[in-house]
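One structure below.
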Amino acid sequence: MSESSSPPQITFVNGFILSDPNDPVAVPHGATGVSGNRLVAVNVPLDGKPPIDAIDCTGCLIMPGLVNAHTHAAMSLLRGLADDLPLDLWLHNHIFPAEAQHANPEFVRVGTELSALEMVLGGITTFADGYFHMEEAARASIRVGVRTVVAQGILDVPTPDAAADQWPARVERFLDRCPQHELVTPALFCHSPYLCGPETIRKARAIARTRGIPLFSHVAETRWELDEMTAKYRRLPVEHLAHLGVLGEGFVVVHAVHVSERERELLATTGTPVVHCPEANMKLASGACPVSDLLDKGVVVGIGTDGPASNNNLDLFEEMRSASFMAKLITEDPVALPATTLVRMATIDGARALGLDQEIGSLVPGKLADLIVVDFAKPHLTPVYDHCSHLVFSARASDVRDVMVNGRIVVRDRRCLTIDRQELMANARSLSSRIGVR
Ligand SMILES: [Zn+2]
């Protein structure tokens with residue numbers, strides 16, 4: 001238990017508290033206080049009666065908000081447009097053509113709001129987003145009240161917001177116009193080493209380093225990519241990036257499905273974080289990231305849903321369960337990726353991958369108040385022997401009752417307080433009627 005000096009303005013009482021995902025032991029019957037946007041007390045004994053406006057969490061677990069370390073939020077408007085296809089056909093025959101025609105600022109605004117709403121209702125308080133028109137994505141996330149790392153998409157080919165070779169000007173415009181807001185961290189997103197040439201990746205990394213912001217890239221996602229990279233550069237994808245000198249903290253490798261022993265060592269020795277997206281990898285039959293081995297080597301691994309068009313939901317509880325099952329299946333070891341590891345990956349390790357672990361990812365006085373209340377008074381969560389076990393193997397996004405982001409209650413009793421859900425869904429339906437007709 002711990003506290004700092006400011007008196008709390010909002011207090012959560014009773015319930016269990018998962019205060020440290022590095023040592024995930026749920027501890028009962030205390031009070032957790034928030035003042036402004038910071039935690040001021042975590043699991044302190046109640047001194048007398050609780051404040052009249054305290055939020056009673058009896059039967060619930062208070063824990064750090066979940067960190068979705070990789071998604072493409074606006075793609076909620078393309079969900080279900082094309083499924084059951086390999087990645088290259090899915091991208092080139094369906095997603096890229098639809099984006100070229102429809103992914104304008106309005107699309108990004110509505111799609112990102114829709115995903116941000118889905119995510120916050122499911123306990124995700126921070127998400128890392130990679131797409132286009134990212135000023136719009138930042139504003140959409142601010143409206144919903146979710147913390148976001150907004151990464152402007154970069155490709156050598158034309159994109160919905162830049163002609164071929166015009167990405168540097170687009171990035172400058174994004175960095176100039178991205179709202180300076182406490183919920184927003186700007187970032188860059190090179191789609192992949194097969195759609196971004198060596199100079200593009202080097203230059204993007206130089207800009208990111210100068211600005212002190214993260215750079216994301218899909219890397220080693222499919223066997224097709226390995227063939228492409230070895231034919232073009234005579235190197236495997238991670239070897240290629242090491243050769244370019246871009247690996248290291250702040251370069252976030254998404255997927256790392258097909259990585260050789262040498263590449264795993266490169267990720268570890270350079271301190272390059274990885275984001276694991278098991279459900280998208282399964283749906284697109286890409287393969288399985290060797291998460292257990294990467295963790296053994298000391299790589300920081302967060303967890304992501306990937307875009308809602310390749311998953312097809314943004315439920316990080318489901319993603320934790322899938323990650324654990326996938327690891328057990330591929331290693332034929334039931335001990336692989338236990339629940340406590342998954343809870344860490346979905347909170348503090350995801351935050352570390354994004355460079356935000358000093359501020360979020362755990363419930364410690366002084367840190368930003370991003371927390372969720374999970375309602376365990378449900379048939380599928382009763383009885384409770386081990387809260388972490390239930391979080392990973394039994395809980396669902398819909399079990400999240402309350403959500404606080406940056407000291408503000410965004411969801412209370414399963415209802416989002418920031419945005420008109422019916423109006424937003426009506427806007428999404430209206431846009432979809434244009435997208436479906438191609
Ligand atoms: Zn992705």
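Values below: all heavy atoms of this structure, side chains included; hydrogens, waters and symmetry mates excluded. Just follow the structure's listing: the first ligand is 1, and inside any ligand the first atom is 1. Treat the numbers as computed from the prediction; the structure is a model and nothing was measured.
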**Asked** How are the rings of Phe16 and His387 set relative to one another: parallel (under 30°), tilted (30 to 60°) or perpendicular (over 60°)?
**Response** tilted

**Message:** A side-chain contact here means heavy atoms from C-beta on lying under 4.5 Å apart; do Ile409 and Asp402 qualify?
**Reply:** no

**Item:** Identified side chain to side chain contact (heavy atoms under 4.5 Å, CB included) partner of Thr71 from the options Pro308, Ser115, Ser76
**Value:** Pro308

**Asked** Rounded to 10°, how big is the angle at the Zn ion (ligand 1) from His218 NE2 to His72 NE2?
**Response** 100°

**Message:** Please determine whether His70 has a backbone or side-chain N, O or S atom lying under 2.8 Å from the Zn ion (ligand 1).
**Reply:** yes

**Item:** Aromatic ring pairing Phe189/His218, orientation class (parallel under 30°, perpendicular over 60°, tilted between)
**Value:** perpendicular

**Item:** Atom of Asp306 closest to the Zn ion (ligand 1), considering N, O or S atoms
**Value:** OD1

**His255 near the Zn ion (ligand 1): N/O/S under 2.8 Å** = no

